[in-house]
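This report refers to the structure that appears directly beneath it.
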Amino acid sequence: MSNLLVTGGAGFIGSNFVHYWREHHPRDVVVVLDKLTYAGNLDNLASVNGESGFHFVHGDICDERLVLGLLREHSINTIVNFAAESHVDRSISGPDEFVQTNVIGTHALLKAARAVWLESDPPVHAHRFHQISTDEVFGSLGDSDPPVAETARYAPSSPYAASKAAADHLVSAYHRTYGLQTTISNCSNNFGPFHFPEKLIPLVIVNLLHGRAVPLYGDGRNVRDWLFVTDHCRGIERILQHGKSGSYYNIGGNNEWTNLDLVRKLCQLMDDAFAGDPLLCPRFPASPAAAGGTCASLISFVRDRPGHDFRYALDFSKCAAELDYSPRESIGVALSRTIQWYLDNEQWWRRLIDADYQAWVEQQYGAATRLASR
Ligand code: NAD
Ligand code: TDX
């Protein structure tokens, strides 16, 4: 039995992980520590909040004393660190918070873990610090480059990626220098329920429903590898259970798409959803699909993201061989399920489309891309 501290557990992947873990390990204790930034949302945890064995703590990972107290109070033996500023575009317009949370915050967690697990009397021998990292730390690939393995050099492009790379180096240093038991996973672009609608897939879904332009950066030829969030959670579970301390593991999706092809696929799936459900037309009358048109008419090319990485792709053969990991979800089915989740949970994303957020999106990409509100 484990007692987990899940930092950033009210965000997109963290909350999916909490649900996954509670379902598969119901006897474990799960403590979520989350600052509830714009990206953190207690609604994501509504179905578990108040249950026995689950605790939510509103706080900052940079607060080392708070973390020390939580590790002791709940006899935590596993930390899974999802907490981060996670949006590349925001890191370009304001990098400071990325350094603060992603670097200083991870270091505060490491210091607390070292104090409680290694320096207390008696030390906690069976412990694990797991860091959630990203494919972005490896930098951009060309069209014909092979997918990157764990041994590839870190070459981050954006302030976001650089802050994640710095955090990973600190985690690795705490393993080599102090003997902290650590693992790091680098994963591809996730998608699925509870994804904040500033990231490509949920932004496209919400804009299509409102007849708003879908902004594709540059020529739309950049490539991302897509991973359904539940596959990611299963990969993390394997690493926590069987991963070797001090190791890095790639969790890939084997699902490379150009942004343009992915958005076209989403448009097609949305057209199909409207064709199959007459109730969607009165709910979302501004969508082109409501008037028998096609959602693809909303695709619009906008100025490129500065330093936009061309392609990411992960070689996850180590995870497959050592941990028997492979992604299970097919992209078509998983995208349809994701669209359906957004259709079924309109209240969830409506609340997020507030004035502050709209102002930020508009400032970044122009009025045409602004999300609609009621
Ligand atoms: P997210 O932005 O949806 O969630 C981040 C969460 O961290 C939020 O709940 C936020 O409130 C919380 N948080 C932020 N600063 C905090 C602080 N100082 N103290 C405590 N909590 C804080 O992010 P996500 O997409 O769920 O990503 C989770 C992790 O996975 C991140 O570390 C990210 O770098 C990594 N990752 C994400 C993807 C992806 O496709 N989304 C891919 C690879 C890696
Ligand atoms: O409006 C958009 N238009 C567009 O063309 C947005 C939001 C994105 N894009 C492009 C940029 C990327 O090539 O789509 C691709 C995906 O963009 P994001 O959803 O912003 O994700 P990305 O920048 O690839 O980073 C994501 O995956 C790696 C997560 O946000 C990171 O946290 C993670 O580390």
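First listed ligand is number 1; within each ligand, the first listed atom is number 1. Numbers for residues simply follow the sequence, beginning at 1.
Atom-to-atom distance recorded for Ser140:OG and Tyr312:OH is 7.0 Å, nearest 0.5 angstrom.
For atom 18 (P) of ligand 2, the nearest non-hydrogen atom from the set Arg305, Glu198, Arg224 comes from Arg305. Of all the listed residues (Tyr217, Phe191, Tyr160), Tyr217 holds the heavy atom that lies closest to atom 9 (N) of ligand 2. Taking all heavy atoms of Asn189, Asp225, Val204 into account, the minimum distance to atom 27 (O) of ligand 2 is reached by Asn189.
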List ligand 1's nitrogen or oxygen atoms that come under 3.5 Å of a protein nitrogen or oxygen, with the partner atom and distance.
{"residue": "ligand 1", "atom": "2 (O)", "partner": "Ser86", "partner atom": "OG", "Å": "2.7"}
{"residue": "ligand 1", "atom": "3 (O)", "partner": "Phe12", "partner atom": "N", "Å": "3.0"}
{"residue": "ligand 1", "atom": "9 (O)", "partner": "Gly11", "partner atom": "N", "Å": "2.9"}
{"residue": "ligand 1", "atom": "9 (O)", "partner": "Asp34", "partner atom": "OD1", "Å": "3.2"}
{"residue": "ligand 1", "atom": "9 (O)", "partner": "Asp34", "partner atom": "OD2", "Å": "2.6"}
{"residue": "ligand 1", "atom": "11 (O)", "partner": "Asp34", "partner atom": "OD1", "Å": "2.6"}
{"residue": "ligand 1", "atom": "11 (O)", "partner": "Leu36", "partner atom": "N", "Å": "3.4"}
{"residue": "ligand 1", "atom": "11 (O)", "partner": "Thr37", "partner atom": "N", "Å": "3.0"}
{"residue": "ligand 1", "atom": "11 (O)", "partner": "Thr37", "partner atom": "OG1", "Å": "3.2"}
{"residue": "ligand 1", "atom": "18 (N)", "partner": "Asp60", "partner atom": "OD1", "Å": "2.8"}
{"residue": "ligand 1", "atom": "18 (N)", "partner": "Thr101", "partner atom": "OG1", "Å": "3.0"}
{"residue": "ligand 1", "atom": "19 (N)", "partner": "Ile61", "partner atom": "N", "Å": "3.0"}
{"residue": "ligand 1", "atom": "21 (N)", "partner": "Lys35", "partner atom": "N", "Å": "3.1"}
{"residue": "ligand 1", "atom": "23 (O)", "partner": "Ser86", "partner atom": "OG", "Å": "3.2"}
{"residue": "ligand 1", "atom": "26 (O)", "partner": "Phe12", "partner atom": "N", "Å": "3.3"}
{"residue": "ligand 1", "atom": "26 (O)", "partner": "Ile13", "partner atom": "N", "Å": "2.8"}
{"residue": "ligand 1", "atom": "32 (O)", "partner": "Phe82", "partner atom": "O", "Å": "3.1"}
{"residue": "ligand 1", "atom": "32 (O)", "partner": "Lys164", "partner atom": "NZ", "Å": "2.6"}
{"residue": "ligand 1", "atom": "34 (O)", "partner": "Tyr160", "partner atom": "OH", "Å": "2.6"}
{"residue": "ligand 1", "atom": "34 (O)", "partner": "Lys164", "partner atom": "NZ", "Å": "3.1"}
{"residue": "ligand 1", "atom": "40 (O)", "partner": "Asn190", "partner atom": "N", "Å": "2.8"}

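Residue Thr134 has at least one N or O atom closer than 3.5 Å to an N or O atom of ligand 2. Considering backbone and side-chain N/O of Leu200, one or more are found under 3.5 Å from N/O of ligand 2.
Side-chain contact, Asp344 with Gln340: a donor N or O sits under 3.5 Å from an acceptor N or O. Side-chain contact check for Asp89 and Tyr217: at least one donor-acceptor pair (N or O, by modelled atom type) lies under 3.5 Å. Residues Asn190 and His232 bring a donor and an acceptor atom of their side chains to less than 3.5 Å of each other.
Classified by interplanar angle (parallel below 30°, tilted 30° to 60°, perpendicular above 60°), the ring pair Phe191/Phe228 is perpendicular.
The ligand atoms of ligand 2 that sit less than 4.0 angstrom from a heavy atom of Pro215 are 1 (O), 2 (C), 3 (N), 4 (C), 5 (O). Atoms of ligand 2 found under 4.0 Å from any heavy atom of Leu203, numbered from 1 in the order shown, are 1 (O). Every atom of ligand 2 is numbered from 1 in the order shown, and the set under 4.0 Å from a heavy atom of Leu216 is 5 (O).
Remark: Asp219 pairs with Arg221 by the salt bridge (charged side-chain N to carboxylate O under 4.0 Å, His left out) rule, at least two apart or across chains.
Pairs passing the ring-ring contact (aromatic ring centres under 6.0 Å, His included) check and including a residue from residues 117-166, sequence neighbours excluded, read Trp117-His127, Phe138-Tyr154, Tyr154-His169. Residue pairs meeting the salt bridge (Lys or Arg N to Asp or Glu O under 4.0 Å) criterion with at least one member in residues 4-33, sequence neighbours excluded, are Arg22-Glu51.
None of Phe12, Tyr38, Trp348, Tyr342 except one satisfies the ring pair (Phe, Tyr, Trp, His ring centres under 6.0 Å) rule with Phe196; the exception is Tyr38.
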